[in-house]
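Below, chain A is the first sequence line, B the second, and so on; all start at residue 1. Worth knowing before you read on, the calculation uses all heavy atoms, side chains too, and leaves out hydrogens, waters and symmetry mates.
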Protein chains: 2
Amino acid sequence: MTKTPVKHAPKKPDYEKALRKAGIRITRPRKIILGILGETEDHPDALEIFRRAEQVDKSISLSTVYRTMKLLEEMGAIHRHAFEGGPSRFEQAGGDHHDHLIDMDTGDVIEFRSDRIEQLQQEIARQLGYDIVHHRLELYGRRRKD
Amino acid sequence: MTKTPVKHAPKKPDYEKALRKAGIRITRPRKIILGILGETEDHPDALEIFRRAEQVDKSISLSTVYRTMKLLEEMGAIHRHAFEGGPSRFEQAGGDHHDHLIDMDTGDVIEFRSDRIEQLQQEIARQLGYDIVHHRLELYGRRRKD
DNA sequence: AATCTTTTGCAACTGAGTGTCATCTGGCAC
DNA sequence: GTGCCAGATGACACTCAGTTGCAAAAGATT
């Protein structure tokens with residue numbers, strides 16, 4: 001089990017090429033959004049992505065951000081996380097799988113990974129007669145003050 | 001680790017008494033909603049509870065269902081689960097803690113519990129310098145066809 | 001450059017849930 | 001039982017996140 005935060009792999013997979021191959025057009029808004037997702041280390045929501053995109057091109061629209069997030073999610077290029085009581089937040093896919101600990105005071109998201117937990121989940125599903133398609137494990141907590 | 005579905009304790013805690021003690025009035029809509037929650041073995045959403053309540057009293061309103069769910073949640077009488085891509089679903093509290101496996105084809109919810117996973121979560125949070133307030137573990141899967 | 005889709009921005013819409021407010025009612029006092 | 005009144009209700013307007021319809025704009029391909 002890894003207990004230290006997962007470090008983002010310095011990934012710059014060529015999404016543009018992948019998109020074009022899937023018959024999807026590389027438009028100006030999409031280029032901008034991909035750029036933002038590639039840069040960021042945090043887990044922004046659609047509105048935050050929209051605000052960052054506006055800095056680059058004032059004419060971009062929020063619907064386009066939503067549409068693009070959905071498209072990229074369906075392509076598997078990003079992951080959507082619907083943490084409690086907030087809008088969906090996104091992160092680039094391509095790193096290795098991890099789960100999240102959400103700081104309830106700041107909203108910060110810490111990534112972690114536990115192979116032991118993954119394995120236990122598999123066992124449980126198998127015993128119940130199921131195949132896991134995906135899972136969601138989120139810890140909601142506060143910084144320990146000692 | 002328990003791998004068999006958690007069986008609902010045959011719980012009929014006297015919520016009416018508890019509510020009254022908390023200075024909360026036992027009204028007709030609340031009685032009906034508590035009755036529904038006490039009967040059901042599944043995890044209905046607000047609309048479903050509303051529909052069931054309507055059978056009993058045609059005059060009940062959806063807002064009251066929402067308000068009552070929020071009230072009961074704050075009192076700790078029920079748990080709210082926001083599974084992926086759907087409205088919140090509720091279950092009576094009072095049983096022991098468990099997590100959920102969601103059947104992606106039927107929407108069925110299977111309860112399970114793994115002390116080992118709970119323990120690993122604690123360890124992880126501690127190592128990251130956090131105290132867990134609560135967590136969410138959901139497995140999304142399909143029945144294994146063999 | 002001409003064409004033909006796909007995509008965009010805008011605005012109208014949806015679904016889940018919350019807030020407002022006039023009316024109603026549970027529960028206690030008498 | 002009747003009266004009282006804070007708390008609860010139903011109706012409906014509203015919010016928030018996200019989606020959809022549509023005419024205009026812009027990729028890609030020739």
Original post:
Do you know which of A:Leu137, A:Leu139, A:Ile110 makes side-chain contact (heavy atoms from CB on, under 4.5 Å) with A:Asp99?
Top reply: A:Leu137
**OP:** Scan side-chain atoms only and decide if A:His98 and A:Glu91 contain a donor-acceptor pair under the 3.5 Å cut-off.
**Re:** yes
Subject >> Atom pair distance, as rounded to whole Å: CD in B:Glu74 and P in C:dG17 >> reply: 15 Å
Original post:
Which letter, B, S or -, goes with each nucleotide of nucleotides 21-30 of chain D from 5' to 3', with contact meaning a protein heavy atom under 4.0 Å?
Top reply: B----BBS--
Original post:
Do we see a donor-acceptor contact under 3.5 Å between the side chains of B:His135 and B:Gln121?
Top reply: yes
Original post:
Within a reach of under 6.0 Å around CZ of B:Arg143, are more than 12 heavy atoms found that belong to other residues, nucleotides or ligands?
Top reply: no
**OP:** Please state how far atom CD1 in B:Ile32 lies from atom P in C:dG26, giving the value in whole angstrom units.
**Re:** 11 Å
**OP:** Measure from CZ on A:Phe50 to P on D:dA17 and round the result to the nearest Å.
**Re:** 14 Å
Original post:
Quick one: A:Ile33 CD1 to C:dT8 P, roughly how many Å, whole number?
Top reply: 8 Å
**OP:** Would you indicate, yes or no, if C:dT6 has its OP1 or OP2 atom less than 4.0 angstrom from a side-chain nitrogen or oxygen of A:Arg30?
**Re:** no
Subject >> Whole-Å gap separating P (D:dT9) and CG (B:Leu71) >> reply: 9 Å
Subject >> Full working for side chain to side chain contact (heavy atoms under 4.5 Å, CB included) between B:Arg136 and B:His100 >> reply: CA-CA 9 Å; B:Arg136 177 150 90 166; B:His100 300 95; over 6 Å; no
Original post:
Roughly, in whole Å, what's the span from CD in B:Glu48 to P in C:dG15?
Top reply: 17 Å
**OP:** Please check the phosphate of C:dG17 (OP1 and OP2 only) for any side-chain N or O of B:Ser88 closer than 4.0 Å.
**Re:** yes
**OP:** Answer yes or no: is there an ion pair linking B:Arg142 with B:Asp105, defined by an N-O contact shorter than 4.0 Å?
**Re:** yes
Subject >> Inter-end axis angle, the helix from C:dA1-D:dT30 to C:dC30-D:dG1, with every axis fitted to five base pairs (rounded, 10 degrees) >> reply: 30°
Original post:
Cut-off 3.5 Å, side chains only: do B:Glu111 and B:His97 have a donor facing an acceptor?
Top reply: no
Subject >> Short N-O contact, A:Asp57 and A:Arg30, less than 4.0 angstrom >> reply: no
Subject >> Strand contacts (DNA chain D) in residues 54-62 of chain B, 4.0 angstrom heavy-atom criterion >> reply: B:Ser59, B:Ile60, B:Ser61
Original post:
Rounded to the Å, how far apart are B:Lys70 NZ and D:dG7 C1'?
Top reply: 16 Å
Original post:
With side chains defined as the heavy atoms from C-beta onward, is the minimum distance between B:Val109 and B:Phe83 less than 4.5 Å?
Top reply: yes
Original post:
With respect to the phosphate group of D:dG18, does any side-chain polar atom (N or O) of A:Tyr66 fall under 4.0 Å of OP1 or OP2?
Top reply: yes
Original post:
If each of A:Thr68 and B:Pro87 is mapped to the nucleotide of DNA chain C with the nearest heavy atom, which maps nearer the 5' terminus, i.e. the 5' end?
Top reply: A:Thr68
**OP:** Name the orientation class of the two ring planes belonging to B:His134 and A:Tyr140 (parallel below 30°, tilted from 30 to 60°, perpendicular beyond 60°).
**Re:** parallel
Original post:
Charged N to carboxylate O below 4.0 Å: is that the case for B:Arg144 and A:Asp131?
Top reply: yes
